[in-house]
Participant: 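Below is the structure I would like to discuss, written out as structure tokens.
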Amino acid sequence: MELKFDPQNPKYEFITTGSRAEEVLKILANEKIIAVDVETTDLNPYTGTLLLVQLGTPEISYVFDAREINLCDFPLYKELLENPKYLKILQNAKFDYQFIKLKTGSQIINIFDTMLAEGVLTAGLRGRNAGLKELASTYLGVDMEKATRKTFYGYTGKITEDQLIYSGLDILVLFPIFEEQMKRLQAEKLVNIAKLEFAVTRVVAEMEIRGVYINVDKWKEIIASLQKKRDSYARQLQEAIRPYYNNTQSDLFGNVSDCININSQTQLMDLFNNKLNISVPSTGDAILATIDHPVAKLLRDYRGYEKLISAFGDTLLAKVNKVTGRLHPDFMQLGAATGRFSCSNPNLQQIPRNSEEAPFRQCFTPAPGYKLVVTDYSSMEMRVLADLSGDERLIQAVSDADVHSFTAALMFGKEYSPDFKKKYPDLRQAAKAINFGLMYGMGASSLARQINVTPEVGQEYMDKYFANFPSVRKFLEGYATHAVKFGWSATPAGRKRWYHVPDKTDPDYKKKIAQIGREAKNHPIQGTNADVTKYALVFLHERLKKEGVDGFVTHTVHDEVVCEVRADQAEDWAQIQQYEMVRAGELILKKVPVKSDPFVGDVWEH
DNA sequence: AGAGGTGGTG
DNA sequence: CATGCACCACCTCT
């Protein structure tokens with residue numbers, strides 16, 4: 001395509017004085033679309049320094065020296081970034097948003113993010129987010145040099161010409177990429193979903209800036225008590241297996257040394273298969289649970305504690321930010337192929353539920369003077385399935401009853417009553433397994449294994465289920481068929497997911513087709529849940545601003561949103577939070593009620 | 001460095 | 001022949 005700049009020699013101007021900055025900002029104010037990028041010494045906005053801010057037109061990049069010029073002093077700079085009449089194009093806007101907000105006091109409004117655009121255009125086809133180098137290559141055929149990027153890391157010197165050329169090119173490529181992506185978004189009818197993602201990215205940026213408070217002392221106490229228990233089980237296990245290993249050696253400190261490394265899969269397999277003569281295919285918990293042997297029992301106990309300590313111990317505390325004293329996880333808003341978030345460093349979405357021994361979530365508390373307002377959607381995925389399939393019985397079940405009890409009553413020929421859960425807990429559990437399993441495209445044999453019945457009985461349950469909910473079967477099969485035929489599926493809100501459909505000659509053709517079928521059955525359900533939660537995040541952020549509430553969205557876990565709000569405003573806000581969550585749900589769900597009960601308190605639980 | 005196993009969440 | 005979706009962290013082994 002025709003470029004308005006020379007990739008080898010991009011036009012740029014280095015702005016180092018206030019007077020020139022003022023002039024350039026006036027020039028930029030005549031533009032409708034501005035490309036934005038920053039260069040920093042660190043990825044962390046709390047510890048890094050802002051070196052350069054690039055604002056560009058399609059022809060020229062203006063590179064502001066952020067160490068020389070205090071951009072906070074220029075009302076026009078703030079105007080350009082905050083006025084929605086200027087469209088701002090960025091690659092991974094979340095990053096730039098955070099530095100610009102914290103270092104120059106402006107919030108970017110009206111964003112087009114090339115990384116997110118690519119994400120919605122290629123959902124399911126790529127493992128990770130697209131880098132700018134990749135976008136420039138695929139859309140423009142331009143090979144970008146990225147080696148200069150790392151020269152900014154920890155940089156304290158004078159900005160070099162190489163660095164300026166690099167910074168300049170970084171935003172000039174954004175315009176033609178934006179134009180090409182816009183065409184594709186329109187062709188794929190993905191404009192609305194892209195707009196949703198662009199609106200969400202501001203919320204995510206703010207969420208990460210705020211972070212979550214964690215009670216470090218309480219966390220340490222939990223870990224210490226878990227370590228005690230783990231070590232006790234480890235010792236017992238080593239003693240129990242010592243007879244099988246001619247091991248009476250002592251280590252340097254006179255302690256009897258261990259027979260095996262309990263964490264080693266290889267050594268455990270040897271222990272079970274060769275020493276204990278218990279043949280096991282693997283050492284997973286499902287297998288261990290079936291083995292009636294003290295070593296298996298000790299290992300299961302050990303594993304329970306070891307897991308919690310290794311995954312949620314000191315490594316998590318090491319991620320507490322030195323400046324804020326809070327955790328600032330990375331939220332990737334297109335982390336999953338279905339449109340869901342993923343989260344890392346640390347992954348707040350996998351903190352264990354509170355339990356007697358390990359009440360981890362109780363350590364997540366509000367800052368002094370604040371409350372946590374927690375809302376999650378009630379049985380969201382079942383409601384989505386009922387609404388989208390239009391199945392009358394399922395709609396009735398999610399609307400008027402406890403859906404798992406209702407389906408259990410139907411399938412096992414019992415009378416439904418509000419106390420069904422108490423009367424027939426096992427039947428309800430079986431129905432719940434079916435309800436969840438079918439949302440993942442589960443087959444009869446897996447179902448049978450899970451609820452501990454023969455494959456024949458599993459098939460009977462499955463048949464009976466779909467006899468009761470005929471539209472559900474039609475709906476799910478329809479998605480599977482469509483995905484295989486066209487190579488993609490879409491949620492009602494318009495979010496697409498693509499599939500690598502194998503060639504008929506592929507030796508694994510059937511297996512891969514089955515896989516696509518299962519993924520496609522799950523996509524409208526999980527994807528719609530994600531769509532709804534993302535609308536809710538945007539609505540909540542807007543309301544917090546509009547109402548002038550002293551509060552912030554701090555995190556989200558798929559169908560749950562947590563806000564931290566000044567204590568005296570928390571109860572009123574909880575009503576608004578509930579209202580906006582339901583409003584977001586009702587944008588998509590038209591046939592079933594959306595439910596979301598708020599919880600106001602001092603710990604993260606509900 | 002990457003793969004595989006295991007296990008935490010929705 | 002196998003057949004439940006979506007993730008991330010930690011461990012060991014190669």
Side-chain angles (χ1 to χ4, degrees), chain A residues 123-124 127-128 260-269 280-288 299-300 302-316 318-319 329-355 358 360-361 376-382 384-385 433-451 455 458 462 476 479-480 489 497 507-527 529-530 533 555-561 604:
Chain A
R128 53 185 174 71
I260 63 166
N261 178 347
I262 310 181
N263 293 329
S264 166
Q265 163 71 3
T266 319
Q267 294 177 44
L268 284 174
M269 287 296 274
V280 292
S282 74
T283 66
D285 196 62
I287 301 291
L288 294 180
L299 179 56
R300 292 184 72 202
Y302 167 84
R303 282 244 180 102
Y305 295 110
E306 168 62 15
K307 166 71 183 179
L308 297 173
I309 294 159
S310 64
F312 308 105
D314 297 336
T315 49
L316 188 141
K319 296 181 168 72
D330 297 327
F331 285 94
M332 281 149 290
Q333 65 187 80
L334 293 177
T338 52
R340 265 197 188 171
F341 277 86
S342 71
C343 179
S344 58
N345 299 310
N347 182 359
L348 274 196
Q349 300 184 324
Q350 65 176 159
I351 304 294
R353 308 293 302 258
N354 286 326
S355 67
F360 285 115
R361 294 191 182 200
D376 64 350
Y377 287 111
S378 151
S379 314
M380 191 48 156
E381 296 202 330
M382 287 306 297
V384 169
L385 179 61
I434 300 174
N435 277 331
F436 277 103
L438 77 95
M439 288 194 289
Y440 309 142
M442 186 168 62
S445 59
S446 306
L447 170 68
R449 194 164 356 103
Q450 173 155 346
I451 60 176
M462 208 81 175
L476 293 174
Y479 258 82
S489 52
R497 172 181 182 165
D508 295 324
Y509 179 77
K510 283 189 108 162
K511 197 175 164 182
K512 289 178 179 172
I513 291 294
Q515 175 77 18
I516 291 171
R518 290 194 302 272
E519 289 168 351
K521 286 174 182 174
N522 184 246
H523 177 229
I525 303 168
Q526 194 181 121
N529 194 351
T533 302
H555 59 292
T556 173
V557 190
H558 309 308
D559 60 359
E560 170 183 6
V561 180
W604 177 26

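Letters A, B, ... mirror the listed sequences (proteins, then strands); counts begin at 1.
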Participant: With a non-hydrogen cut-off below 4.0 angstrom, is Glu381(A) in contact with a base, only sugar-phosphate, or nothing?
Facilitator: nothing
Participant: Sequence neighbours left out, what passes ring pair (Phe, Tyr, Trp, His ring centres under 6.0 Å) with His555(A)? Give chain and number order.
Facilitator: Trp604(A)
Participant: Nearest to the side chain of Ala311(A), heavy atoms from C-beta on, is which of dC10(C), dG10(B), dT6(B)?
Facilitator: dC10(C)
Participant: Can a side chain N or O of Thr315(A) be found less than 4.0 Å away from OP1 or OP2 on dC10(C)?
Facilitator: yes
Participant: Nearest of dA9(C), dT9(B), dT3(C) to any side-chain atom of Ser446(A)?
Facilitator: dT3(C)
Participant: Which part of the nucleic acid does Asn529(A) contact within heavy-atom distance under 4.0 Å: base, sugar-phosphate only, or nothing?
Facilitator: nothing
Participant: Taking any heavy-atom pair under 4.0 Å as a contact, classify Phe341(A): base, sugar-phosphate, or nothing.
Facilitator: nothing
Participant: Does Arg497(A) place a side-chain N or O at less than 4.0 Å from the phosphate oxygens OP1/OP2 of dA6(C)?
Facilitator: yes
Participant: Are there any protein N/O atoms within less than 3.5 Å of an N/O atom in nucleotides 1-3 of chain B, and if so, which ones and at what distance?
Facilitator:
none

Participant: When you get a sec, tell me which of dC5(C), dA9(C), dC7(C) is the closest nucleotide to the side chain of Ala337(A)?
Facilitator: dC7(C)
Participant: Please determine, for the side chain of Arg353(A), which listed nucleotide (dC8(C), dT9(B), dC11(C)) has the closest atom?
Facilitator: dT9(B)
Participant: Looking at residues at least two apart in the chain, or sitting in another chain, which of them share a salt bridge (charged side-chain N to carboxylate O under 4.0 Å, His left out) with Asp314(A)?
Facilitator: none
Participant: For Pro352(A), give me all partners under side-chain contact (heavy atoms from CB on, under 4.5 Å), at least two apart in sequence or on another chain.
Facilitator: Leu308(A), Phe312(A), Phe360(A)
Participant: Choose from dC13(C), dA6(C), dC11(C) the nucleotide whose nearest atom is closest to any side-chain atom of Ser264(A).
Facilitator: dC13(C)
Participant: Closest to the Glu306(A) side chain: dG8(B), dC11(C), dC8(C)?
Facilitator: dC11(C)
Participant: What residues in residues 507-519 of chain A put a non-hydrogen atom under 4.0 Å from any atom of DNA chain C?
Facilitator: Gln515(A), Arg518(A), Glu519(A)
Participant: Does either side chain, that of Asp330(A) or that of Asn345(A), offer a donor lying less than 3.5 Å from an acceptor on the other one?
Facilitator: yes
Participant: Please list, in numerical order, the residues of residues 345-352 of chain A that have a heavy atom closer than 4.0 Å to any atom of DNA chain B.
Facilitator: Gln349(A), Gln350(A), Ile351(A), Pro352(A)
Participant: Classify the nucleic acid contact of Gly437(A) as base, sugar-phosphate or nothing, counting any heavy atom under 4.0 Å across all strands shown.
Facilitator: base
